[in-house]
Structures are given as structure tokens and as C-alpha cells.
Enquirer: 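Dropping the structure in here first, questions after.
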Amino acid sequence: MAHAYTPGLRVADLTTVQKERRLPLPGDVLVSVGDVVEATQVVAKTELPGNVESVNVANRLGVPPEDVPHAMLKKEGDSVEKGEIIAQSKSFFGLFKSSCMATVKGTIENISSVTGQVLLREPPLPVQVAAYVDGVVTEVMPREGVVVETPASFIQGIFGIGGEVNDQLTMVSSSPDQILDAGDLNESHQGKIVVGGSLVTAQAIKRAVQLGVTGIISGGLNDKDLKEFLGYDLGVAITGNEDKGITVVVTEGFGEIGMAGGTFELLKRCEGKQCSMNGATQIRAGVIRPEVVIPRKDRAVAAEGGDSTEMGNMAIGSPVRAIRQPYFGKIGTVSALPPELRKVESETLVRVLEITFEDDSKAIIPRANVELIEH
Amino acid sequence: MATETKEIRPEELQNILATDCGSTTTKAILIEKEGDEYRLKVRGEAPTTVEAPAEDVTRGVLNAVGEVEELTHRTMLKGDGILKPKQNGDGVDIYMSTSSAGGGLQMMVAGVVKSMTGESAQRAALGAGAIVMDILASNDGRLPHQQIERIRHLRPDMILLSGGIDGGTTTHVAELAEIIAAADPKPRLGQGYKLPVIYAGNKEAAEMITQILGDKVELFVVDNIRPVLERENLGPAREKIHELFMEHVMQQAPGYAKLMSWTDVPIMPTPGAVGLTIQTIAEQQGIDVVGVDIGGATTDVFSVFSGIFNRTVSANLGMSYSVSNVMAEAGLDNVMRWVPVDMDELDLRNRIKNKMIRPTTIPQMMDELIIEQAMAREALRLAFVQHKAFAVGLKGIQQERTISDTFDQKGTGETLVDMMSLKLLVGSGGVLSHAPRRNQAAMLLVDSFLPEGFTHLAVDSIFMMPQLGVLSTVHPSAAAEVFERDCLIHLGTCIAPVGTIKPGKTMLTLDIELPTGSQHLEMKLGELKLLPLGVGEQAKVTARPARGLDLGAGKGQEMEEVVQGGVVGVVIDTRGRNPFVLPVEAKERVPKLLEWIEALDAYPMSAFSAIK
């Protein structure tokens with residue numbers, strides 16, 4: 001293997017964050033390059049075509065489908081109100097007329113003489129895209145959206161639920177090893193993004209929702225609690241659309257696992273600042289990880305210096321975290337990178353590394369079972 | 001731009017370069033003619049480069065071929081492309097590729113009746129290597145606006161519209177076309193392109209469909225996939241799907257236009273090519289075959305029974321991205337029934353979720369491997385259950401019956417999968433191909449598929465079935481030679497009588513003439529035994545199942561067979577079939593599991609005392 005890549009989650013004290021804000025369909029961009037925008041400000045909007053409702057006019061009037069166009073009182077493109085008569089049968093001597101009404105407000109989309117169906121399209125649905133982060137518009141994609149840029153502290157999580165939110169950051173746990181439980185939350189946390197330590201319990205998440213807490217950042221989360229909170233067992237890691245009234249970002253993994261010291265300290269330094277975060281996670285080709293963005297307008301990024309971790313090459317001295325049993329969650333540094341394949345306890349032949357843990361103990365583990373962490 | 005198949009003279013091919021651009025890895029293999037036969041020479045691999053920063057699939061191809069160059073010390077690349085034809089010993093005679101990068105081919109299919117033309121359309125799409133995102137049907141229970149929403153939301157690469165036998169209904173298929181037109185679907189890749197829609201339904205509705213859809217989509221009309229109720233005609237629709245996959249879908253993916261200009265035969269979707277390999281083997285050897293590919297996200301099952309090919313994709317059964325879904329679908333108890341140790345549920349759930357969010361990790365400890373292989377058993381079992389339910393005869397047809405059917409009448413739509421007639425079971429995917437002991441792969445296949453009678457077991461060594469599939473389109477015998485000699489790792493043969501018997505009674509009496517000498521065995525219910533029989537070795541078996549039990553010749557009938565060996569040997573399984581007996585109570589089950597593990601030498605027994 002020519003490259004010794006290891007995945008790592010990005011944690012940056014200061015970096016340039018660029019967020020592409022794109023409409024689902026072409027529409028109007030409301031800002032220009034150079035505009036200073038706030039996270040909640042709408043930067044682009046459009047209208048999605050309305051839902052389609054079909055009316056079986058042939059059946060309702062009791063006429064063959066080919067007669068439907070002649071029975072129509074409205075033509076394609078006409079606006080109709082709910083309950084308005086759109087078609088009427090021409091009956092014998094004008095008696096016993098039957099009629100057919102629009103089931104929704106909208107326009108006549110299609111009249112079919114083959115199936116006798118008339119399609120009604122409801123009014124368009126407005127869609128707005130907000131800036132998501134406080135920043136400056138650096139690019140406008142005409143009719144599609146914008147790019148918003150800001151210097152920011154940036155933390156990539158490993159897993160999350162819930163969509164984009166924006167609020168003030170508040171520390172609740174005093175150390176990265178502390179468990180965030182329901183009793184730690186109170187009314188003062190309403191409308192805040194709270195930071196926990198090694199674990200957030202199901203009770204704490206429920207209490208947070210009751211209190212109106214916007215988001216939670218935690219090192220770990222028990223899968224059992226996630227199931228209890230969501231009401232179902234999450235099968236595939238595609239999240240972000242949960243409508244549970246809160247966004248949760250987990251930085252380390254499932255179980256009780258201390259938040260990486262650097263991550264915790266960075267969040268602590270940012271306490272009180274506005275924070276944007278998104279729990280959306282997709283672990284498939286084209287991975288999406290949850291994120292926490294804390295715009296730092298007060299600071300300038302010096303040539304991308306503050307960035308610490310990304311997909312990268314592992315070397316002796318690289319700080320890493322074990323991400324699988326038996327050392328799951330333990331932190332250390334790479335002390336050797338033997339090139340040959342080794343047989344580990346499971347008899348699997350793999351490329352390994354030697355890790356020296358914080359207590360100076362050493363272990364051999366598969367290279368695939370570590371991730372790079374911040375300095 | 002479509003690749004035109006140039007005239008290829010198979011007999012002149014000396015070096016064949018083939019790549020498979022997977023969603024994460026691009027794999028290149030070099031096949032060369034040695035004397036009279038084709039053999040795999042070397043393989044190379046590199047990360048696939050469809051996404052940023054490269055955004056050009058050919059970079060990954062060049063890197064993978066670069067590894068092949070390094071290993072052969074020969075030049076195969078020329079500038080920014082493949083060197084061909086061969087010049088002074090460098091370069092290759094032919095280059096071909098398969099692809100599943102960028103999420104593969106994602107389709108929606110539509111048919112009038114879900115269980116009839118809907119299923120035929122699904123079979124056509126799956127057989128062509130597509131992922132079927134949804135099946136629209138006039139009777140699928142959804143309202144038109146819900147169907148329209150669904151089309152818009154899914155954004156397929158293409159739609160296959162079928163419905164009605166020739167001369168049958170036109171109204172319902174027109175209704176489906178109107179729904180597609182109202183959705184005004186946009187393709188997933190490439191803005192500004194019209195979505196390709198293939199119409200393969202009642203030919204009398206073709207003109208009507210053209211009127212309804214002609215302006216809104218890129219419409220192609222091919223022969224009806226169900227011209228009469230009793231017969232499917234999937235070929236023309238599948239060919240069109242392949243053609244459009246090349247011209248429309250792949251054309252939109254980064255770098256594919258260039259890749260297409262390099263290949264000498266059209267690029268095929270990876271699962272479509274694997275299906276071709278399985279079909280070729282079944283055809284050449286005249287046997288029924290099942291192939292399974294268990295990946296991180298999905299499990300594909302391919303089968304050929306009585307010459308009929310079927311493929312299913314279990315989209316959310318896999319060993320990493322989808323591992324948590326295996327747990328959700330199978331249930332904790334079903335997974336843990338294969339694990340001879342106790343585990344705390346909270347801890348187990350967290351471990352499985354951690355594998356899902358960090359899919360590239362490897363089990364370091366023996367207990368982790370055992371749990372991972374237990375999950376694999378359930379993923380394979382569930383995928384095969386889905387396959388059996390899908391690989392069925394045509395539904396809704398009239399059957400001619402004779403007097404001999406009086407006592408054995410079967411309904412329409414019965415599964416085609418007959419485990420007794422299955423002669424070859426091939427497994428592929430990391431958990432099978434890279435199991436630390438081949439015996440584990442054999443045990444996984446036997447436990448999850450429960451083969452009956454005499455079944456040969458094999459694994460794909462390095463997953464080159466895709467490349468061999470595309471090769472089989474131009475040189476079937478070369479593909480078959482490499483498949484047999486270099487692709488397959490023969491594990492051995494499983495012998496399993498069907499039925500069950502009272503505990504303690506002899507289920508099977510067996511005489512086997514092994515190269516090391518003859519053996520006489522009497523196997524009781526609930527036993528598993530492994531006899532050594534190496535690769536290329538054969539053994540004559542005379543087997544007598546107890547009364548009421550069947551090995552393929554009928555209940556209680558003696559059978560003589562010559563069985564093939566492999567790296568594992570001959571597995572004799574008298575644990576019962578229909579039903580397979582696995583005790584429910586842990587105090588009975590755990591000793592049984594340990595007994596079977598020891599019999600098959602699947603795990604080191606020392607590991608269990610440590611785990612306990």
C-alpha cells in the first residue's frame with residue numbers, strides 16, 4: 001500500500017469555512033457578492049411546483065374518457081378554486097346534469113381523453129434558503145444559490161441527528177468525562193446549544209426538548225438511548241431530517257466516551273458565541289458528517305494554519321485514537337509503523353501500528369482501527 | 001458518445017486489461033494467455049476518484065493500472081491513457097471496464113399490476129445491474145399525488161415503464177405515463193438533460209405513450225417485456241438499459257466520457273457483469289448456481305435455476321454501513337444465536353453502531369470477529385430469503401395440468417430456488433473472501449444458505465467476477481478459464497440430508513473413499529463433521545439417508561456421488577434441513593455451537609475459554 005491514509009475528523013481552532021447554500025430548483029438569489037449576512041437571513045428563495053391531485057372526471061360524470069375534453073368547463077392552465085365546478089355532462093334535453101368539482105385550489109394541469117383523468121396542480125410551495133452561518137457572500141451562482149464564507153472554529157462530529165440550527169453556545173459539563181444528565185439542564189439553557197462531556201442520556205435529551213434547548217454536543221451517546229428517543233432502531237446512518245425539536249452532534253461515538261480534550265477546550269473557548277450546527281449524517285459514498293461551526297469574525301485565518309486534522313498520512317508521533325475494541329476510545333501516539341502484515345488476535349492478517357497510550361503502555365493494533373486526532 | 005464495439009478477434013487476444021470502478025476502490029486485473037490457457041497475471045488497486053478533489057474516474061483507473069505496470073515491469077500507460085494495441089511487448093490488446101461508482105445505476109420501474117408487469121420490469125432492471133428504488137403500479141395502494149411526489153423525491157437515473165400484454169390494457173399504462181409526465185422528473189446527474197424513460201409495455205399503447213411523454217422525457221420504445229402473460233421478454237429492455245447507462249448516466253459522471261473512449265467494449269454496471277459471469281458458469285457447466293456478494297452497504301444475490309437467471313439487491317443488508325440495519329431487521333436474538341458467549345446488550349448495540357459510523361475498522365479480537373461473522377450469517381440469510389421470494393415463476397398465468405399433477409399441484413409464482421438442485425454456491429465480499437480461516441467462510445455459507453444434498457462451495461478470491469463478466473461478452477472461454485483457475489477458491493463440498501429425525505438416531509450412513517483411505521461414518525442428528533479432501537482431489541461417496549430423509553434421490557434412497565475437494569474439505573452436515581435444528585435454550589445451544597466450531601476448526605478453541 002503506497003499510502004497510509006487514516007480517516008480523521010476535522011477539528012480546527014480557526015479555519016475558513018465556506019458553505020454552499022443552494023436551492024433545490026432554480027429561483028431568486030437575494031444577496032450579492034460582498035454582502036455581510038447573518039445565519040438566519042434568507043439568501044435565496046424559489047417556489048416548488050405544488051402537489052398534483054387527480055380527479056377521475058369520466059367516472060364522476062359517467063361519460064367515456066374521450067368525451068371528457070368536451071365536458072370540461074375549464075381548460076388546461078386555468079385557475080380553479082376548491083369546490084368550483086370544472087366539468088359538466090351534457091345530458092338529455094338539459095335535464096339531470098351531473099357535474100364535477102375541483103378537489104383542491106390550483107390550476108388545471110392536464111386533461112386526458114385516454115384515461116378520463118384531470119390533473120389539478122396546487123399552488124406552488126415557497127422555499128427559502130438561509131445563510132446558515134454568519135459570514136460574507138463570496139460567490140453567487142445565478143438562480144441557484146450562494147457561497148457564504150467566514151473564519152470559524154470548526155468541529156466535525158461522528159454522528160448526529162436533526163438539521164441546521166443556530167444559537168448561542170453554552171458549556172454544561174465541566175470536564176470532557178462528565179455525563180450530561182437531565183438534572184444538569186435548567187430554564188437558562190432554553191434557546192442555547194449546550195455542550196456535554198462523555199455521554200448524553202435519553203433523559204437529558206428529553207429534558208432538553210422540553211426546555212427548548214436548540215442543540216446538544218456530546219462525546220458519546222448510547223444506542224439504546226438513541227432508539228428510545230427516536231422511537232425506532234436506526235438501521236442506516238442517514239440522518240438530518242428527524243423532526244424531534246433538537247439537533248444532537250456526537251463527537252466521538254456510541255457509548256460513554258470522553259470528548260477529545262482539544263475539542264472540549266475549543267468549545268469552552270467559544271462559550272457565549274453564536275454557533276451553527278447540523279446533525280445531518282450520511283455514511284455512504286459521499287460521506288456527510290455532522291458539524292459545528294462557530295464564526296470568528298474577530299480573527300483572521302493565517303494561511304490555513306490552525307487546521308489540525310483531516311484525512312492524512314500517519315507518521316510516528318501522530319496523535320491517534322483507537323476506534324475499536326479492545327482499546328476503543330483510548331488516545332495515544334503512533335510509536336511504530338511496521339511495514340509487514342501481522343496476525344492479530346482474531347487471526348486477521350493486517351497492517352498494524354504500535355500505539356503508546358497516555359499512561360506509557362503500548363499496544364499493537366490494526367491501522368484501520370485508529371483515527372488521527374488533533375494535537 | 002457511445003463506445004462502438006470494434007471488431008474483436010478473441011483468438012488473437014494475448015493480454016487483456018480489465019478494471020472495475022467500485023464506489024471506493026478501482027481494481028485492475030491483467031489476464032494473459034499462457035500456452036493454451038488464459039490466467040490472471042497480476043492485479044492492482046487504487047482509490048476511486050469520482051469525487052472531489054480529482055472528480056475524474058480515469059485518475060483512479062490510471063493509478064490502478066500503474067500498480068499493474070509496477071508489478072509486471074511493463075509499460076501499459078501512454079501519456080494519459082492505456083497503451084493499445086500492444087507495441088514491442090508493452091501495452092495490451094484490449095481494455096474493458098465495469099463501474100458502480102457514483103452510486104451505480106439507480107432506476108424506478110413501473111407496471112400496471114405490481115405482481116405481474118411490475119415484477120417483470122423489476123427483474124429486467126435488476127438483471128441489468130440496477131438498484132430498483134421503487135416500483136410504481138396502478139395497484140400499489142398509493143394515490144397519484146403520492147406517486148408523483150415519490151418520483152420527484154427519488155430522482156432516478158432512468159425509468160422503465162411497462163404494462164399490459166400486447167393487445168391488452170392501454171388505459172392503465174397511459175395513466176402511469178401521465179403520472180410520470182406530471183412529476184416532470186429530473187435525472188440525478190447532469191442538469192439540463194431529459195430523463196431517459198424506456199417504454200416496454202403493450203405495443204398498442206406505444207403511440208399514446210409517445211404523445212404523453214414525448215416532450216417531457218427522452219423516450220425510448222422497445223419490445224414489450226411481457227408480450228403474453230405466460231412469457232417474459234426481458235432482453236430488449238435490458239439491452240436498452242445498458243445502452244442508456246453508457247450514453248446518459250455514465251456520460252454525466254466525472255471522467256466517464258474519457259473512460260468510454262478508452263474501452264474496447266461498452267462499460268457495464270458492476271452487478272450486471274457479475275450476473276453475466278454467474279450465467280456463463282451455469283450455462284457452460286449445465287448446473288444450477290447461486291452467487292452472493294456481501295458488501296458494506298448491500299448484499300447482491302444471483303441465481304440460475306433451470307436456466308432462469310435472477311438477481312436481487314438487498315439494499316440495506318451489509319457488513320459496515322448497513323450493519324446496524326442487519327441487527328434491526330434480524331433482531332438481537334437471531335444474531336446472538338450464533339454466538340457461543342454472553343454479551344451485554346447495551347455494549348453490543350454500541351459496538352455495532354460504532355462499526356456503522358466507522359465502517360473501515362477491522363475486528364482485532366476473536367469475540368469481535370465471531371460477532372461480525374454472526375451478523376454476516378443473518379445478513380446472508382435475510383438476503384437469501386428476499387431472493388427466494390423474488391426469484392419466482394411468472395404469476396397470474398394459466399397452467400396446463402396433467403393427471404400426474406393431481407397430488408402435487410403448485411400455484412403460480414412459486415420460488416424457482418431449489419436448494420436440492422443447487423450444485424455450486426459462490427460467496428464473495430470481504431467477510432467471506434477475507435475470513436481469516438477459509439473454514440469460517442465455509443461455515444458461514446452453510447449456516448446461512450443451508451444447502452441440501454450435495455453442494456460445492458467456493459469463494460471469489462479477489463472479487464474479479466465483474467471484470468470476468470464483461471470479458472465473457474467478447475471471450476467467454478477466456479472468462480471461464482480464469483474464473484475456474486484464478487477467481488474461485490474451492491472450499492469443498494457440503495453433504496446435507498433434508499428432513500429431521502429423533503435425537504440420538506442415525507441420520508446418515510456414509511462410505512467415502514478418500515485419498516488417505518476409506519472411511520465409514522454414521523452421523524446422528526445435530527452433528528457436523530469435516531473430512532479432509534484437498535483442492536483438485538475427488539472422493540467417491542456412497543450415502544444412505546435414514547427413512548424419510550432425502551439426499552436428492554428421494555426419501556431413504558441411497559446415493560453415489562463423486563465429490564470435489566477444496567481448501568476446507570468435505571463438510572457433512574446432519575443438523576437437519578426443513579427444519580434446521582438450532583436449540584433455543586442457551587444451555588443446550590452453546591455446547592452445540594462449540595461442538596460444531598470444533599468440528600469445522602472454524603475458530604481456535606482456546607479463544608473461547610478467554611471469552612468465557
Enquirer: Between B:E372 and chain A, with a heavy-atom cut-off of 4.5 Å, which part of the residue counts as in contact: side chain, backbone, both or neither?
Expert: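 The side chain, not the backbone.
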Enquirer: At a heavy-atom separation under 4.5 Å, does A:N110 approach chain B through its side chain, its backbone, both, or neither?
Expert: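 Contact with chain B involves the side chain of A:N110 alone.
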Enquirer: Output yes when B:E345 and A:K224 qualify as a salt bridge under the 4.0 Å nitrogen-oxygen rule, no when they do not.
Expert: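 No.
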Enquirer: For a side-chain contact (heavy atoms from CB on, under 4.5 Å) check, start with the C-alpha distance between A:I323 and B:N354, then their side-chain angles and the critical distance, and finish with the verdict.
Expert: CA-CA 8 Å; A:I323 53 173; B:N354 280 324; over 6 Å; no
Enquirer: Please classify the contact between A:K343 and chain B as side chain, backbone, both or neither, with a heavy-atom cut-off of under 4.5 Å.
Expert: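 The answer is neither part of A:K343.
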Enquirer: With a 4.5 angstrom heavy-atom cut-off, is it the side chain or the backbone of B:I357 that approaches chain A, or both, or neither?
Expert: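 Both parts, backbone and side chain.
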Enquirer: Give a yes or no answer on whether the side chain of B:N350 reaches the backbone of A:F254 with a donor-acceptor pair at less than 3.5 Å.
Expert: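 Checking the backbone N and O of A:F254 against the side chain of B:N350, no donor-acceptor pair under 3.5 Å is found.
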Enquirer: Answer yes or no: is there a side-chain heavy-atom contact under 4.5 Å between B:T170 and A:V114?
Expert: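 Contact flag for B:T170/A:V114 side chains = no.
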Enquirer: Under 4.0 Å between a side-chain nitrogen and a carboxylate oxygen: does that hold for A:D233 and B:K353?
Expert: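 Counted as a salt bridge, because a side-chain N and a carboxylate O are separated by less than 4.0 Å.
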Enquirer: Between B:S324 and A:L234, is there a donor-acceptor pair closer than 3.5 Å when you use the side chain of the first and the backbone of the second?
Expert: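 Flag set: sc B:S324 to bb A:L234 pair under 3.5 Å.
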Enquirer: If we only count heavy atoms from C-beta on, is the A:R324 to B:P363 side-chain gap below 4.5 Å?
Expert: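 A:R324 vs B:P363: side chains touch.
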Enquirer: Need one label for A:I365: side chain, backbone, both or neither, based on atoms under 4.5 Å from any heavy atom in chain B.
Expert: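 Both backbone and side chain.
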Enquirer: Which atoms of A:L221 are under 4.5 Å from chain B, going by heavy atoms: the side chain, the backbone, both sets, or neither?
Expert: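 The answer is the backbone of A:L221.
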Enquirer: Heavy atoms only: give me the nearest B:P436-A:E347 pair and the separation to one decimal.
Expert: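 So the two residues come closest at CB-O, 3.4 Å.
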Enquirer: Below 4.5 Å from any heavy atom of chain B, which atoms of A:V350 appear? Answer side chain, backbone, both or neither.
Expert: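 It is the side chain, since no backbone atom gets that close.
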Enquirer: Relative to chain B, which segment of A:Y232 carries a heavy atom at a distance below 4.5 Å: side chain, backbone, both, or neither?
Expert: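 Looking at A:Y232, nothing touches chain B.
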Enquirer: side-chain contact (heavy atoms from CB on, under 4.5 Å), that's the test. Do B:M365 and A:E345 meet it? Break it down for me.
Expert: CA-CA 5 Å; B:M365 307 305 289; A:E345 289 85 333; 4.0 Å; yes
Enquirer: Is it the side chain or the backbone of B:M356 that comes within 4.5 Å of chain A heavy atoms, both, or neither?
Expert: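 Both backbone and side chain.
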Enquirer: Need one label for A:I364: side chain, backbone, both or neither, based on atoms under 4.5 Å from any heavy atom in chain B.
Expert: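 Only the backbone of A:I364 comes within 4.5 Å of chain B.
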